[in-house]
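By convention in this document, chain letters (A, B, ...) are assigned in the order of the sequence lines, proteins followed by strands, and residues within each chain are numbered from 1.
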2 protein chains.
Amino acid sequence: MSLAHAILVLLTDSAQSGYDLAKQFDGSVGFFWQASHQQIYRELGKLEAQQWVEVEAIAQAGRPDKKLYHVTELGKQQLINWLGQASDPSPTREALLVKMFSGNLVPRDVILQELERRRDLHAKQLAFYRSIEEQHFANPQALPIEAQFRYLTLRKGIGYEADWLAWCEEAMQLLS
Amino acid sequence: MSLAHAILVLLTDSAQSGYDLAKQFDGSVGFFWQASHQQIYRELGKLEAQQWVEVEAIAQAGRPDKKLYHVTELGKQQLINWLGQASDPSPTREALLVKMFSGNLVPRDVILQELERRRDLHAKQLAFYRSIEEQHFANPQALPIEAQFRYLTLRKGIGYEADWLAWCEEAMQLLS
DNA sequence: ACCCACATGTAATGTGTTACATGATTTT
DNA sequence: AAAATCATGTAACACATTACATGTGGGT
């Protein structure tokens, strides 16, 4: 039930097309919620049928119409209602940890190489988040409230990557 | 494709029934891979058809036969092969962070309460992991290699919960 | 000439969740 | 007497992934 709400969140921010939404899910929002363009188009269809969003067709020369989606009043109420509900931690499915569980079945190097690869991935992502932090959120206390919320999602991303990075290093050290 | 391999990992450890597997997925392994009993039974059927596992029926008085699943040689090869493959970070879908994105649509208290609730949940889980750590992994360097791998999965759990806890506290502080 | 960005979709398959179903034994 | 644990499953539905499909305009 939550892709629907994630879309509402983004459309509340600004009316946009499925294509634009897909790009956002691929970028910033993608850290905590991923969705493919196929999922998004399907969900938009449902949202429209329920009248949580409505479409404004924008004619374009040569190309198919751009469908600009707006949140309706009903949609906004649904979103606010959802925001008030409790949300439990999301289930995790982390293949690398399953592999660690049986790590002794393969040569040590196989695991160490994989840990190194993952360490680099997380280090890179962490550096990326940190650069955003420096550029846009130099003084968190001084930010307007909406920006504080955005800042906090970024902070979670930073914590997440930093934790993975630290763990990879600890694991590599213990195993070598 | 990974529930199959997670099951193989557990069956390599010890032959067991679908019911027993479900309990493990609900407990220790459940931190990094969840699966319901229905998923497990379905997957076991597929694994048997592919001859990655085989069944030993254990007759029981009054109850239906207990089906004890063993990994076959083919299954073991498939598992080892999978262990050698790279695994990318798993996609995240964290509703609370989506909510944070639009936190300004509801009164501050709604968000603060939810953060408090989550903080308590993560603190509790962290305490649980730490107690396991103290009881079973007092001296990591001295552990045999299989136990070191298990220890590392626990360490990731600890890092994960600690990061959530710290983030909840940071968020509560910034927003109040 | 080829690839990338724009813009939207259908179809098929795979994975995950929820509800329902059965029936014995053990614990409260 | 009621509830929980043992033990296995079917069925329906919801959600996610992958492949395929179409067509324009701009850059290399």
Side-chain angles (χ1 to χ4, degrees), chain A residues 1-8 11 15-27 29-30 32-50 53 55-69 82 87-95 98, chain B residues 1-8 11 15-27 29-30 32-50 53 55-69 82 87-95 98:
Chain A
M1 265 281 93
S2 268
L3 173 56
H5 297 99
I7 289 174
L8 289 179
L11 290 182
Q16 53 191 310
S17 69
Y19 187 84
D20 297 326
L21 284 167
K23 272 190 297 183
Q24 277 202 60
F25 275 99
D26 214 47
V29 191
F32 47 87
W33 204 280
Q34 295 88 66
S36 63
H37 80 275
Q38 295 85 346
Q39 272 179 282
I40 291 161
Y41 284 122
R42 185 166 30 131
E43 202 66 36
L44 282 171
K46 282 193 218 169
L47 289 174
E48 198 189 342
Q50 289 174 298
V53 301
V55 188
E56 179 190 355
I58 309 272
Q60 296 183 118
R63 298 183 187 173
D65 282 9
K66 181 176 192 139
K67 291 180 168 184
L68 206 60
Y69 288 89
W82 178 74
S87 40
D88 288 324
S90 74
T92 311
R93 289 196 176 83
E94 196 55 65
V98 176
Chain B
M1 265 281 94
S2 270
L3 173 56
H5 296 98
I7 289 173
L8 289 178
L11 291 182
Q16 53 191 312
S17 68
Y19 186 84
D20 298 327
L21 284 168
K23 271 190 297 183
Q24 278 202 58
F25 274 101
D26 215 47
V29 191
F32 47 87
W33 204 281
Q34 296 87 64
S36 63
H37 81 275
Q38 294 85 346
Q39 270 181 281
I40 291 162
Y41 284 120
R42 191 177 23 172
E43 202 67 34
L44 282 170
K46 281 193 217 170
L47 289 174
E48 198 190 342
Q50 289 175 298
V53 300
V55 187
E56 180 191 355
I58 310 273
Q60 296 184 121
R63 298 184 187 171
D65 282 8
K66 182 176 191 143
K67 292 182 168 182
L68 206 61
Y69 288 90
W82 179 73
S87 42
D88 287 325
S90 74
T92 310
R93 289 198 176 85
E94 196 56 64
V98 176

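- Taking both residues in full, the closest heavy atoms of Ser2(A) and Trp82(A) are given as OG-CZ2, 3.5 Å, listed atom of the first, atom of the second, then distance.
- Taking atom CD of Gln16(A) as the reference point, atom C1' of dT8(C) lies 15 Å away to the nearest angstrom.
- With dG16(C), dA16(D), dT8(D) as the choices, the nucleotide that has an atom nearest any side-chain atom of Lys67(B) turns out to be dT8(D).
- A heavy-atom distance below 4.5 Å is not found between the side chains of His5(B) and Val98(A).
- The two residues Tyr19(B) and Tyr41(B) come nearest to each other via the heavy atoms N-OH, 3.5 Å.
- Of the candidate nucleotides dG9(D), dT17(C), dG16(C), dG9(D) has the atom lying nearest to any side-chain atom of Tyr69(B).
- Rounded to an integer number of Å, the gap from CG of Leu44(A) to C1' of dT10(C) is 16 Å.
- Put simply, CG on Leu68(A) is 15 Å from C1' on dT8(C), counting in whole angstrom units.
- Expressed to the nearest 0.5 Å, how far CD of Gln24(A) lies from CD1 of Ile7(A) amounts to 11.0 Å.
- Atom CD1 in Ile40(A) sits roughly 13 Å away from atom C1' in dA7(C) (whole-Å rounding).
- A donor-acceptor contact shorter than 3.5 Å links the side chain of Gln39(B) to the backbone of Ser36(B).
- Rounded to an integer number of Å, the gap from CH2 of Trp33(B) to P of dT17(C) is 11 Å.
- Shown here for Ala6(B) and Phe25(B), the closest heavy-atom pair between the two residues is CB-CZ, 3.9 Å.
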Please enumerate all protein N or O atoms sitting under 3.5 Å from an N or O of nucleotides 18-20 of chain C, with distances to 0.1 Å.
unit_1  : atom_1 : unit_2   : atom_2 : d
dA19(C) : N6     : Gln38(B) : NE2    : 3.1

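- In terms of heavy atoms, Trp33(A) sits closest to Glu94(B) at CE3-N, 3.6 Å.
- Contact annotation: Tyr41(A) does not reach the phosphate of dG9(C) (side-chain N/O to OP1 or OP2, under 4.0 Å).
- Pairing each heavy atom of Leu68(B) with each of Ser17(B), the nearest pair is CD1-N, 4.1 Å.
- For Lys23(A), no side-chain nitrogen or oxygen approaches OP1 or OP2 of dA7(C) to under 4.0 Å.
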Close N or O pairs between protein and nucleotides 13-15 of chain D (under 3.5 Å):
unit_1  : atom_1 : unit_2  : atom_2 : d
dC15(D) : OP1    : Met1(A) : N      : 2.9

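- Rounded to an integer number of Å, the gap from NE2 of His5(B) to C1' of dT15(C) is 15 Å.
- Using a 4.5 Å cut-off on side-chain heavy atoms (C-beta onward), Lys23(B) and Val29(B) make no contact.
- Counting to the nearest Å, the P atom of dT15(C) and the CD1 atom of Ile7(B) are 11 Å from each other.
- From one end of the helix from dA1(C)-dT28(D) to dT28(C)-dA1(D) to the other, with five pairs defining each end axis, the axis direction shifts by 40° (rounded to 10°).
- A straight line from NZ of Lys66(B) to P of dT25(C) spans 16 Å, rounded to a whole angstrom.
- Across every non-hydrogen atom of Val53(B) and Leu44(B), the tightest pair is CG2-O, 4.3 Å.
- Between Leu47(A) and Arg42(A), the closest side-chain pair of non-hydrogen atoms is not below 4.5 Å.
- With hydrogens and angles disregarded, a donor-acceptor distance shorter than 3.5 Å links the side chain of Gln34(B) to the backbone of Thr92(A).
- Here Tyr19(A) does not reach the OP1 or OP2 of dT8(C): none of its side-chain N or O atoms lies under 4.0 Å away.
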